[in-house]
Undergrad: 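What follows is a structure written as structure tokens; I'll ask about it next.
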4 protein chains.
Amino acid sequence: MGGTMDVTKQHRRGNTRQRIQDVALGLFAEQGYEKTSLREIAEHLDVTKAALYYHFKTKEEILVSIFDDLTQPILDLIEWGRKQPHTLETKQEIVRRYSETLAGAAPLFRFMQENQAAVRELRVGETFKERMQGLREIIIDPDADLTDQVRCVSAIFTMHAGMFFLQDITADPEAKRKAVLEVATDLVTQAHRGSANA
Amino acid sequence: MGGTMDVTKQHRRGNTRQRIQDVALGLFAEQGYEKTSLREIAEHLDVTKAALYYHFKTKEEILVSIFDDLTQPILDLIEWGRKQPHTLETKQEIVRRYSETLAGAAPLFRFMQENQAAVRELRVGETFKERMQGLREIIIDPDADLTDQVRCVSAIFTMHAGMFFLQDITADPEAKRKAVLEVATDLVTQAHRGSANA
Amino acid sequence: MGGTMDVTKQHRRGNTRQRIQDVALGLFAEQGYEKTSLREIAEHLDVTKAALYYHFKTKEEILVSIFDDLTQPILDLIEWGRKQPHTLETKQEIVRRYSETLAGAAPLFRFMQENQAAVRELRVGETFKERMQGLREIIIDPDADLTDQVRCVSAIFTMHAGMFFLQDITADPEAKRKAVLEVATDLVTQAHRGSANA
Amino acid sequence: MGGTMDVTKQHRRGNTRQRIQDVALGLFAEQGYEKTSLREIAEHLDVTKAALYYHFKTKEEILVSIFDDLTQPILDLIEWGRKQPHTLETKQEIVRRYSETLAGAAPLFRFMQENQAAVRELRVGETFKERMQGLREIIIDPDADLTDQVRCVSAIFTMHAGMFFLQDITADPEAKRKAVLEVATDLVTQAHRGSANA
DNA sequence: GATGAATGAGGCTTCATTCAT
DNA sequence: TATGAATGAAGCCTCATTCAT
């Protein structure tokens, strides 16, 4: 085997871990977590399944590592948000930056969105839920009336789902993101005004 | 065999098919489609796996049958909507009735929402997509600007996700539904006004 | 169900047993014994599987009944042959009549030919073997040299296989049968002459 | 697990694939293709079913690999035959070498002979048919009269079936093969003479 | 840093058969 | 004369995982 190894294979030196993550995320997003087997990932990389186990202890750990790498910005965003006053400007800034973060890791969020059931019993499911909870605490005023709370929740997953549910609408992706951002900002703003008057 | 069968099991009348659907939907919604095995469904019903195959040709067909039974109202709604003028009132009525339909088949829609990846390659996935497309055509004005189109899409899945994403907010379910409906109606209304002025 | 039964079904009265045999033989010959399920047979007849069990005790018994019905002529032929002197004329007559019998129940013999493995452990397998043995005892002279014995065996299954192995050769079926018969007769004749001189 | 594994099982070198083929062919020939389950093959080898799947993608592929390995000589023979003049000597030589090939892979040919129905829808079935066709084209003169064509076909499967149909005749196997070869050669010779005079 | 070989669990599905009605 | 409903056994196959090398 070693003898027949072609040049492209030798060149990729120590980046196998990264390549596994890339391929895995691609397949997870495309086919779902359960439907994607380690065999499939290995074949795409032209390695054996056992090689995956050199780099990751389990299938779940592959996902965890991807998740941890790509959602760090959200953690930072929440931490930053917690330290700000709960003004309208803060909320709008959170929404703006969240939108950017999502755009930067679209396949992962698409995956999380479309595999909620599969992910629920995985560590990433729990973690993701906690982060969403953190986000809400910053954006939602617990004393606001129910409708305004719904507006905030709606704002968040308008951003989540926006990217994928809008596939049929033909428009420049960045233009779509801007439109989504505008709607989300509107929702948060309305919610804020509502509770300010209450 | 027959001798050890207890009395409750005999004369189960003709309701096994329905019971399979009920149990299956419960498990599909709770654990996801892939994670729910036919063995599990059969055990919950105290029947053998083979009995399931008397009533349904495949696992997928169980899902299809549930889907077809529970989404008939949406089909009716779309058909009705197509024949109405595209006024604001029509759109609001559609949203109102859609909200009711969703509430009437919450577990199924939760399932569809949380298993998009798993469902994508199933017949129900395709069918569901088509129906969503139908809904949009009624609510969205294709000449409206992008932001207003996003508002309409957001309205639809604010209703979809509303029920599940709001679990942490403690409030009467019907009150939540009303709040969600209000936000959705608002979004559609804003969108309509926007494109009316354009 | 009874209420929706269409007219064609009512007309076929008491011939179900025969129809089962016909359909079963067709499918057995076409697909093989193991590959043909009772479900399939029932569907072709537009009856339920259980109905088959009203007429036959087991799957094997369907085959047995077909076999017994269609191979009676061979039994008669062997019985007749045993009472004749072992002359060349007798042998030639046996071959001639055997060829006719085969032509009259081609699907069954095709089936027996192509499903020897499946049939080996069935009652018909054993029975068929015994009959073949009976045929040989009439045609083969046990004192003949090995080559002449082979000629006789070859004559018999030249006839057996002739019908199916000759499919690619385009010619009138009856013409083919005549040709096969001629070759078989030749073989038996040569064998007889050989042992006569020995 | 590893702890209870006995010594003979460790270091089974690289021969598992070959052992699977051997056991499988034995069982296929003895019981038929459909009647032989992978469980059975695995048990004979004291391995798990899953181990079979490490070496072969499907049950059918086990058969294909056996077939390909053992019928290579026939391929060679046909190729050789095509390049020779269609003289009597060539035909006789083909028959002689074919007889040897059959003797060298008797269980496979017995299997093919007795499982025609099962094999018809498998890749090997198609392949085998093509090879037989190739053989005929060399041996049969398409302008010969039907009887002589039948003689050639008869020659071929006199050799095929010879080995198994002759089980009841007690004689040295090699002696039987010689006898079969003689009959087959005779048939081909007669056919050749016939068409030469035509 | 990775492979080859294997495992145990479990997946979906099909089959011949039974039996009360 | 047949159906409806169900069973138990078994089929092929796939999966995540392990471990010696």
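Labels below follow one simple rule: chain letters A, B, ... track the order of the sequence lines, proteins then strands, and each chain is numbered from 1. Remember, predicted model here, so these are calculated numbers, not experimental data.
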Undergrad: Please report, rounded to the nearest Å, how far the P atom of F:dA2 is from the CG atom of C:Asp46.
TA: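 Rounded to whole Å, this separation is 12 Å.
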Undergrad: Starting at the 5' end of DNA chain E and moving along, which residue's nearest nucleotide shows up first, B:Glu34 or D:Ala50?
TA: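 Upstream on the strand: D:Ala50.
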Undergrad: At less than 4.0 Å, is any side-chain N or O atom of C:Tyr53 found next to OP1 or OP2 of E:dT17? Yes or no.
TA: yes
Undergrad: May I have the distance from A:Phe56 (atom CZ) to F:dA16 (atom C1'), rounded to whole angstrom?
TA: 16 Å
Undergrad: Does B:Tyr54 have a side-chain nitrogen or oxygen under 4.0 Å from the phosphate oxygens OP1 or OP2 of F:dA5?
TA: yes
Undergrad: Go ahead and name the base partner of F:dC12; Watson-Crick or wobble counts if both distances stay under 3.5 Å, otherwise write none.
TA: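 Its partner is E:dG11.
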Undergrad: Rounding to a whole Å, what distance do you find between B:Leu63:CG and E:dC12:C1'?
TA: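 Interatomic distance, CG of B:Leu63 to C1' of E:dC12: 15 Å.
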Undergrad: Using heavy atoms to find the nearest nucleotide of DNA chain F for D:Glu60 and B:Thr48 separately, return the residue whose nucleotide is more 5′.
TA: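 Closest to the 5' end, via its nearest nucleotide, is B:Thr48.
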Undergrad: If you assign each of D:Thr58 and B:Leu52 to its closest nucleotide in DNA chain F, which residue comes earlier from the 5' end?
TA: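 With D:Thr58 and B:Leu52 compared, the 5'-side residue is B:Leu52.
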Undergrad: Once you measure the plane-to-plane angle for D:Phe109 and D:Phe128, does it fall in the parallel (<30°), tilted (30-60°) or perpendicular (>60°) bin?
TA: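 Aromatic pair D:Phe109/D:Phe128 classed tilted.
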Undergrad: Measure the distance from CD1 on C:Ile41 to P on E:dT14 and round it to the nearest whole Å.
TA: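 So the CD1-P distance, C:Ile41 to E:dT14, works out to 17 Å.
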Undergrad: Who does F:dA20 pair with, Watson-Crick or G-U, both distances under 3.5 Å?
TA: E:dT3
Undergrad: Can you tell me if C:Asp22 and C:Gln18 form a side-chain donor-acceptor pair at under 3.5 Å?
TA: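 Short answer, yes.
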Undergrad: Using a cut-off of strictly less than 4.0 Å, decide whether D:Thr16 has a side-chain nitrogen or oxygen near OP1 or OP2 of E:dA6.
TA: yes
Undergrad: Rounded to the nearest Å, what distance is computed from the CD atom of residue A:Glu40 to the P atom of nucleotide F:dT17?
TA: 16 Å
Undergrad: Is the shortest side-chain N/O distance from B:Arg39 to OP1 or OP2 of E:dG11 below 4.0 Å?
TA: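 It does, given that an N or O in the side chain of B:Arg39 lies less than 4.0 Å from OP1 or OP2 of E:dG11.
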Undergrad: In sequence, state the C-alpha distance, the side-chain angles, and the governing distance for C:Tyr33 and C:Glu60, and then conclude on side chain to side chain contact (heavy atoms under 4.5 Å, CB included).
TA: CA-CA 9 Å; C:Tyr33 180 74; C:Glu60 180 172 355; 3.7 Å; yes
Undergrad: Mark yes or no: B:Lys59 above the aromatic ring of B:Phe28, with NZ or CZ under 6.0 Å from the six-membered ring centre and no more than 45 degrees from the axis.
TA: no
Undergrad: D:Lys59 side chain: which of F:dT17, F:dC13, F:dT7 is closest?
TA: F:dC13
Undergrad: In Å and rounded to the nearest 0.5 Å, what is the CD1 to CG distance from D:Ile20 to D:Leu52?
TA: 5.0 Å
Undergrad: Check the distance between E:dT3's C1' and A:Leu45's CG and give it to me in whole angstrom.
TA: 15 Å
Undergrad: What I want to check is whether an N or O donor and acceptor connect the side chain of C:Lys49 with the base of F:dT3 at under 3.5 Å.
TA: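 Answer no: no donor N or O sits under 3.5 Å from an acceptor.
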Undergrad: Measure from CG on A:Leu38 to P on E:dA9 and round the result to the nearest Å.
TA: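 One finds 19 Å between P of E:dA9 and CG of A:Leu38, rounded.
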Undergrad: Can you name the one residue among C:Leu27, C:Ile66, C:Val119 that meets side-chain contact (heavy atoms from CB on, under 4.5 Å) with C:Phe111?
TA: C:Val119
Undergrad: Roughly how many Å is it from CD1 in C:Ile20 to P in F:dA2, rounded to a whole number?
TA: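 Result: 8 Å.
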Undergrad: For DNA chain E, whose closest nucleotide is more 5', that of B:Tyr33 or that of A:Ala51?
TA: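 The residue mapped nearer the 5' terminus is A:Ala51.
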Undergrad: With the side chain of C:His55 defined as its heavy atoms from C-beta on, choose the nearest nucleotide among F:dT7, E:dT7, F:dA2.
TA: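 Taking heavy atoms from C-beta onward, the closest nucleotide is F:dA2.
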